[in-house]
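In this text, all values refer to a predicted model and were calculated from it rather than measured experimentally.
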Amino acid sequence: MKKYISKFHYLTQDLPHRSHVEQTAIACKAGANWIQYRCLTKSDSELIEELHQVASICDDWGATLILTDHYHLLEQVDAQGVHLEDMQADFNKIREIISDEKTLGASANTFEDIERIFSSGVVDYIGCGPFSLTKTKPNDFPLLGINGYVERIAKMKDTGIEIPVLAVGGIKIDDTEHLLKTGIHGIAVSASVNLADDPAEAFRDFYKKIY
């Protein structure tokens, strides 16, 4: 089942001064159509309580809600899918759990990651990164830069791999146009919006660059 994948994925993050609910409301009011709820600090019961509020906002604005990793909560909250950050996850097993109706995204760094995810036949899109330095999701993966996406997209074309790829990790507004020229499907952004002086304005600036 081919699914709609937005060109602009907005990710909430754990912040001391603004809840995920507030972040979601700001993004949706600014025009977000795809919200990825990325909370790494709460228990399942706390997640469910907050997700009910987040889902209500997304529903009001017609935005797709994706959970980061917490696929086991999909039956308890009104979300449309899950994004897996574990590159070694058993995608087929998780697809069986969440059903074909839900959207399934997966993270990648290397072209081999992309190959493995695509070969599973059950993933709807790939978040590939990190593009640049990021404190939102600290890791030791090589930074891709513009050339990294050029190389991966070229290899995908050469090998007949067709799946939406989004750049992610440390993306700033001035990077957007250059990234889109590489042939990627879109971008995923968190800190550049969430830590801006005016998050709503920052979101709209990205939106204008993408659309």
Within this structure, what is the [atom1]-[atom2] distance for the pair [X] and [Y], rounded to the nearest 0.5 Å?
X      : Y      : atom1 : atom2 : answer
Ile117 : Ile163 : CD1   : CD1   : 7.0 Å
Thr12  : His20  : OG1   : NE2   : 5.0 Å
Glu50  : Glu46  : CD    : CD    : 9.0 Å
Asn92  : Leu104 : CG    : CG    : 9.5 Å
Ile171 : Ile187 : CD1   : CD1   : 5.0 Å
Leu180 : Lys209 : CG    : NZ    : 10.0 Å

Quick one, [X] and [Y] - any side-chain contact, counting heavy atoms below 4.5 Å?
X      : Y      : answer
His83  : Tyr125 : yes
Leu65  : Leu51  : yes
Arg38  : Glu85  : yes
Tyr10  : Val193 : yes
Cys39  : Asp14  : yes
Cys128 : Leu144 : yes
Asp44  : His72  : yes
Phe131 : Val168 : no

For [X] and [Y], test the side chains for any donor-to-acceptor distance below 3.5 angstrom and give the result as yes or no.
X      : Y      : answer
Ser190 : Gln13  : yes
Tyr37  : His70  : no
Thr103 : Gln80  : no
Thr110 : Asp113 : yes
His52  : Asp78  : no
Ser56  : Gln53  : no
Asn33  : Tyr4   : yes

TODO: Start with the C-alpha gap between Phe111 and Ile161, add the side-chain angles, then the distance that decides, and say whether side chain to side chain contact (heavy atoms under 4.5 Å, CB included) holds.
DONE: CA-CA 11 Å; Phe111 176 69; Ile161 294 176; 3.9 Å; yes
- [ ] Determine, for Lys42 against Glu49, whether the closest basic-nitrogen to carboxylate-oxygen distance falls under 4.0 angstrom.
- [x] no
Give a yes or no on whether the backbone of [Y] and the side-chain of [X] come within a donor-acceptor separation of less than 3.5 Å.
X      : Y      : result
Asn109 : Gly129 : yes
Arg95  : Phe91  : no
Glu151 : Gly148 : no
Arg116 : Met87  : yes
Ser192 : Val189 : no
His185 : Ile5   : yes

Open item on the list: Would you say the ring centers of Tyr211 and Phe8 fall short of 6.0 Å from each other?
Closed with: no
- [ ] Please report the C-alpha distance between Asp69 and Asp86 in whole Å, then the side-chain angles of each, then the deciding distance to 0.1 Å, and finally whether the side chain to side chain contact (heavy atoms under 4.5 Å, CB included) criterion is met.
- [x] CA-CA 8 Å; Asp69 291 339; Asp86 178 6; 5.5 Å; no
Open item on the list: Would you call the rings of His9 and Trp34 parallel, tilted or perpendicular, taking 30° and 60° as the class edges?
Closed with: parallel
Taking [Y] as the starting point, is it possible to reach [X] by hopping between hydrophobic residues whose side chains are less than 4.5 Å apart?
X      : Y      : result
Ile114 : Val150 : yes
Ile97  : Val123 : yes
Ile184 : Phe141 : no
Ile48  : Tyr71  : yes
Leu11  : Phe206 : no

Open item on the list: Show, in sequence, the C-alpha distance, side-chain angles and deciding distance for Lys102 and Lys3, and conclude whether the side chain to side chain contact (heavy atoms under 4.5 Å, CB included) test is met.
Closed with: CA-CA 9 Å; Lys102 301 294 185 180; Lys3 301 180 180 69; 5.8 Å; no
Task: Worked verdict on Lys155 versus Glu115 for salt bridge (charged side-chain N to carboxylate O under 4.0 Å, His left out) - done: CA-CA 10 Å; Lys155 286 185 179 180; Glu115 279 187 310; over 6 Å; no
TODO: Identify which one of Leu67, Ile94, Asp90 satisfies the side-chain contact (heavy atoms from CB on, under 4.5 Å) criterion when paired with Leu84.
DONE: Ile94
- [ ] Decide yes or no on side chain to side chain contact (heavy atoms under 4.5 Å, CB included) for Cys28 and Asp60, but give the supporting numbers first.
- [x] CA-CA 9 Å; Cys28 284; Asp60 287 343; over 6 Å; no
